[in-house]
Structures are given as C-alpha cells and as structure tokens.
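Here is the structure we will look at.
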Amino acid sequence: MRFRLTHHAEQELTRRGTPRTILEQALEMPQQIVPAYGGRKAYQSQVEFGSGRTFLLRVIVDDRTVPPTVVTAYRTSKISKYWRQSHEGHL
C-alpha cells in the first residue's frame, strides 16, 4: 500500500531521528493497528532503535484519504500505555 506523508510527518521523522526504512516497515507490516484520535489509526510496532532499548513506534494514519496519509510518527518508551493485547489488535 502506498502512503503520503504530510509535511509535519516528514519534519517529525527528521527531528526525532526515525529512519525512513523503519517507518516503511511499520506501515507495510505493523504489529498492530489500533484506533487513534479523530477517526485515525495508529500503525504500531515494537522496535529496537540501536540503543539496546525497545520502543513503540506509533505511526498515525488517516486512511480515509487516497492514498492513506501519515499525519505523524513518534517513538515512545510507554509501550504498555498504547499496546493492545492480541484479541484487541488489528482493526
């Protein structure tokens, strides 16, 4: 699936040092897709960014557009706050 990145999403990837390849992996093969604010969806995967620590990469997507639009992306150490158990996983 193809995605369009907003200018804000591009800026945030650069600012937060998130490699484009990791973003693309999370979009193409997310470990979970969960509801997000405003009818959007969070494509999320647990990723090790080279620091030895695992973070949750959350990619906020508006899939009501064609192609789906990446609104923003960020990593967080608060995995348990956002991670859903397997029975709540994919939309």
Side-chain angles (χ1 to χ4, degrees):
M1 181 185 304
R2 299 304 257 181
F3 293 87
R4 182 180 75 80
L5 275 67
T6 62
H7 181 67
H8 172 77
E10 292 276 4
Q11 287 180 319
E12 290 302 296
L13 287 175
T14 300
R15 185 176 75 84
R16 294 173 170 154
T18 303
R20 185 77 177 240
T21 55
I22 291 176
L23 173 80
E24 290 169 359
Q25 289 173 356
L27 288 169
E28 295 299 327
M29 295 184 303
Q31 291 173 341
Q32 290 188 338
I33 300 174
V34 298
Y37 181 77
R40 297 173 176 155
K41 294 179 182 165
Y43 287 53
Q44 52 189 37
S45 294
Q46 294 184 38
V47 178
E48 197 274 306
F49 281 85
S51 63
R53 288 184 56 201
T54 299
F55 291 88
L56 183 64
L57 176 64
R58 289 177 48 90
V59 183
I60 308 304
V61 176
D62 186 345
D63 65 358
R64 298 167 293 187
T65 62
V66 178
T69 303
V70 175
V71 178
T72 195
Y74 61 94
R75 62 178 144 176
T76 179
S77 60
K78 298 177 183 177
I79 296 171
S80 62
K81 178 178 179 177
Y82 299 105
W83 195 255
R84 303 292 177 257
Q85 297 307 319
S86 61
H87 65 280
E88 301 172 19
H90 284 285
L91 290 176

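- With sequence neighbours excluded, the residues forming a side chain to side chain donor-acceptor pair (under 3.5 Å) with Q11 are H7, listed by chain and number.
- E24 meets the side chain to side chain donor-acceptor pair (under 3.5 Å) test with no other residue; sequence neighbours excluded.
- In this view, T72 and H8 satisfy the side chain to side chain donor-acceptor pair (under 3.5 Å) rule, not counting sequence neighbours.
- Counting heavy atoms from C-beta outward, I22 and F49 have side chains that approach closer than 4.5 Å.
- Within the 4.5 Å cutoff, no side-chain heavy atoms of I60 are placed close to those of V70.
- Pairs passing the salt bridge (Lys or Arg N to Asp or Glu O under 4.0 Å) check and including a residue from residues 7-19, sequence neighbours excluded, read E10-R20, E12-R15, E12-R16.
- Remark: Y43 OH to L27 CG distance equals 7.5 Å, nearest 0.5 Å.
- With sequence neighbours excluded, the residues that form a side-chain contact (heavy atoms from CB on, under 4.5 Å) with K78 are T76, K81.
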(request) For R40 and V71, run side chain to side chain contact (heavy atoms under 4.5 Å, CB included): C-alpha distance rounded to whole Å, both residues' side-chain angles, the deciding distance at 0.1 Å, then the answer. (result) CA-CA 9 Å; R40 297 173 176 155; V71 178; 3.7 Å; yes

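- Listed by first and then second residue, the salt bridge (Lys or Arg N to Asp or Glu O under 4.0 Å) pairs involving residues 65-76 amount to none (not counting sequence neighbours).
- No side-chain heavy atom of V59 sits under 4.5 Å from any side-chain heavy atom of Q44.
- By the side-chain contact (heavy atoms from CB on, under 4.5 Å) test, T14 is found to be paired with no residue, residues two or more places apart in sequence or in another chain being considered.
- With a 4.5 Å cut-off on side-chain heavy atoms, S77 and F55 count as touching.
- The CD1 atom of I79 sits 4.5 Å away from atom CD of Q46, with the distance rounded to the nearest 0.5 Å.
- Counting all heavy atoms, side chain and backbone alike, A36 lies closest to A42 at CB-N, 3.9 Å.
- Considering every non-hydrogen atom in both L23 and A73, the closest pair reads CD1-CB, 3.9 Å.
- With hydrogens and angles disregarded, no donor-acceptor distance shorter than 3.5 Å links the side chain of S45 to the backbone of V47.
- Under the side chain to side chain donor-acceptor pair (under 3.5 Å) criterion, T21 pairs with no residue, sequence neighbours left out.
- A 4.5 Å side-chain heavy-atom check between V61 and T69 finds every atom pair outside the cut-off.
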(message) Run the side chain to side chain contact (heavy atoms under 4.5 Å, CB included) test on L5 and L13 for me, step by step, so that the C-alpha distance in whole Å, both residues' side-chain angles and the decisive distance to 0.1 Å come before the verdict.
(response) CA-CA 10 Å; L5 275 67; L13 287 175; 3.6 Å; yes

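- Considering every non-hydrogen atom in both P30 and I33, the closest pair reads CG-CG1, 3.7 Å.
- Contacts classified as salt bridge (Lys or Arg N to Asp or Glu O under 4.0 Å) and involving residues 44-61 (residues at least two apart or in different chains) are not found.
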